[in-house]
A.B. asks: 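Take this structure first; my questions come after.
We're numbering straight along the sequence, starting at 1. These numbers come from the heavy atoms of this one structure, side chains and all, not from hydrogens, waters or symmetry mates. Please read all numbers here as calculations on a predicted model, not as lab measurements.
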Amino acid sequence: RSPEDHVTPAQHLRLALEELGPTFIKFGQIISTRPDLLPPDFITELSRLQDQAPPEPWAPIKAIIEEELGQPVEAIFRTINPIPTAAASLGQVHAATLTDGQEVIIKVQRPNIEHIIDVDLDILYDMARLAQSRTALGETYNLIAIAEDFAFTLRSELDYRREGHNADRFRENFQDEPYLYIPQVHWDYTTRRVLVLERIYGIKIDEVEALDDAGYDRNLIADHS
């Protein structure tokens, strides 16, 4: 390969996880939050899996929305952007407006995701059992239990209604906190595989230059984080 085609070890790991599929992308997302376990270049590269996973084409995503909501998207949304604003391991997000003009985001699960995850988790269990009995890591950690916890969490995320109820509960618990805002859930258009939320705009906490350009006081943000 020419020098410009060079792939770093961190990039290679990220690409391998993407190729392995949703379950392993989710695993990469989790370890991207652990700078105590991986070097900075790996953390930076795996962080791309948070919202930059390869997206699904619009046609199957539209079909899922219409199947879940029981009517054409044009009957519910005045506008909808077929290009996702973000794509992660289990689903992707599309910007839209309701017929009354409210801006929303639509979070939609990937097609056939439950079957894919079931197959991936079977592979992960086999890997955990093998590592448990044949590696030094298995002498220190209960790898099978870790795989089981990961599977439980992952399967729980497949019901978007749970995420919606958690948002409502979180909003109620922190209703007196002026520095915290939780988007409203549009329950009329939310199902197990589709979640419609009020759209809000913001800047990621780690985009320091963008925060400065927007005039935010980072000390104040830190005090209330």
Side-chain angles (χ1 to χ4, degrees), residues 5-56 83-95 105 107-110 113-114 116-128 131-132 135 137-138 140-160 162-163 166-167 170 180 182-183 195 197 200-212 216 218 221-222 224-225:
D5 291 332
H6 176 68
V7 177
T8 68
Q11 290 172 328
H12 183 80
L13 176 59
R14 192 259 302 168
L15 291 170
L17 292 174
E18 287 182 351
E19 185 176 350
L20 285 169
T23 305
F24 296 91
I25 291 175
K26 175 60 70 172
F27 180 73
Q29 291 174 351
I30 292 174
I31 61 176
S32 75
T33 65
R34 297 294 305 272
D36 56 317
L37 298 179
L38 293 174
D41 57 332
F42 278 81
I43 295 298
T44 299
E45 192 64 32
L46 293 180
S47 294
R48 296 180 59 189
L49 297 173
Q50 295 286 354
D51 53 13
Q52 297 182 44
E56 295 286 342
I83 301 174
T85 59
S89 56
L90 305 185
Q92 59 194 52
V93 171
H94 292 262
I105 61 98
K107 185 175 179 180
V108 190
Q109 277 186 21
R110 294 178 180 268
I113 190 67
E114 290 191 47
I116 294 172
I117 285 177
D118 285 341
V119 173
D120 285 349
L121 289 176
D122 284 342
I123 295 171
L124 194 62
Y125 279 132
D126 287 341
M127 292 170 61
Q132 188 72 60
T135 68
L137 196 63
T140 305
Y141 299 99
N142 187 340
L143 301 178
I144 296 175
I146 292 173
E148 290 173 345
D149 288 343
F150 177 69
F152 174 80
T153 300
L154 190 57
R155 288 195 170 106
S156 296
E157 290 185 29
L158 291 175
D159 189 342
Y160 285 169
R162 182 191 297 266
E163 182 177 339
N166 286 340
F170 202 77
L180 187 64
I182 296 90
L195 175 65
L197 296 167
I200 60 174
Y201 295 86
I203 302 171
K204 284 186 176 182
I205 193 68
D206 59 351
E207 295 179 353
V208 176
E209 185 175 340
L211 289 171
D212 290 342
Y216 287 104
R218 285 189 275 128
I221 293 175
H224 296 284
S225 297

A.B. asks: With rounding to the nearest 0.5 Å, note down the distance linking CG in D118 to CD1 in I123.
C.D. replies: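 Nearest 0.5 Å value for the CG-CD1 distance: 11.5 Å.
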A.B. asks: Measure the CG-CD distance between N142 and E148 for me, rounded to the nearest 0.5 Å.
C.D. replies: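 So the gap between those two atoms works out to 7.5 Å.
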A.B. asks: Can you tell me how far the CD1 atom of I182 sits from the CD1 atom of I200, to the nearest 0.5 Å?
C.D. replies: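 If we round to the nearest 0.5 Å, I182:CD1 and I200:CD1 are 8.5 Å apart.
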A.B. asks: What is the distance from atom CG of L13 to atom OG1 of T8, rounded to the nearest 0.5 Å?
C.D. replies: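 Spacing of CG (L13) from OG1 (T8) equals 9.5 Å.
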A.B. asks: Taking Q29's backbone N and O only, do any of them form a donor-acceptor pair with S32's side chain (distance below 3.5 Å, no angle check)?
C.D. replies: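 Such a contact is found between S32 side chain and Q29 backbone.
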A.B. asks: Would you mind reporting whether T85 and I105 have side-chain heavy atoms less than 4.5 Å apart?
C.D. replies: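 Sidechains of T85 and I105: no contact.
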A.B. asks: Please check if atom CZ in F27 has more than 12 non-hydrogen atoms from other residues, nucleotides or ligands closer than 6.0 Å.
C.D. replies: no
A.B. asks: Are any of the side-chain heavy atoms of K26 and I117 separated by less than 4.5 Å?
C.D. replies: no
A.B. asks: Are Y160 and V108 close enough that some pair of their side-chain heavy atoms sits under 4.5 Å apart?
C.D. replies: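 No, their side chains stay 4.5 Å or more apart.
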A.B. asks: Considering only heavy atoms from C-beta outward, does the side chain of I146 approach that of L143 to under 4.5 Å?
C.D. replies: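 Result yes, sub-4.5 Å side-chain heavy-atom pair found.
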A.B. asks: Would you check if T23 and I116 make a side-chain contact, meaning some heavy-atom pair closer than 4.5 Å?
C.D. replies: no
A.B. asks: For a 4.5 angstrom cut-off between non-hydrogen side-chain atoms, does K107 reach L197?
C.D. replies: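 The answer is no, as the side chains (C-beta and beyond) never meet within the 4.5 Å cut-off.
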A.B. asks: For a side-chain contact (heavy atoms from CB on, under 4.5 Å) check, start with the C-alpha distance between I31 and L38, then their side-chain angles and the critical distance, and finish with the verdict.
C.D. replies: CA-CA 8 Å; I31 61 176; L38 293 174; 4.0 Å; yes
A.B. asks: Would you say the side-chain atoms of Q132 pair up with the backbone N or O of G138, donor to acceptor, closer than 3.5 Å?
C.D. replies: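 At least one qualifying donor-acceptor pair exists.
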A.B. asks: For the backbone of P54 and the side chain of E18, can you confirm whether one donor and one acceptor N or O come within less than 3.5 Å of each other?
C.D. replies: no
A.B. asks: Roughly how far, to the nearest 0.5 Å, is NZ of K204 from OG of S47?
C.D. replies: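 Between atom OG of S47 and atom NZ of K204 there are 8.0 Å.
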A.B. asks: Can you tell me how far the CG atom of D212 sits from the CD atom of E207, to the nearest 0.5 Å?
C.D. replies: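 Atom-to-atom, D212:CG and E207:CD are 12.0 Å apart.
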A.B. asks: Could you go through the side-chain contact (heavy atoms from CB on, under 4.5 Å) check for D120 and L20 one step at a time?
C.D. replies: CA-CA 9 Å; D120 285 349; L20 285 169; over 6 Å; no
A.B. asks: If you count the non-hydrogen atoms of other residues, nucleotides and ligands that lie under 6.0 Å from CZ in R162, is the total more than 12?
C.D. replies: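 Counting other residues, nucleotides and ligands, CZ of R162 stays at 12 neighbours or fewer.
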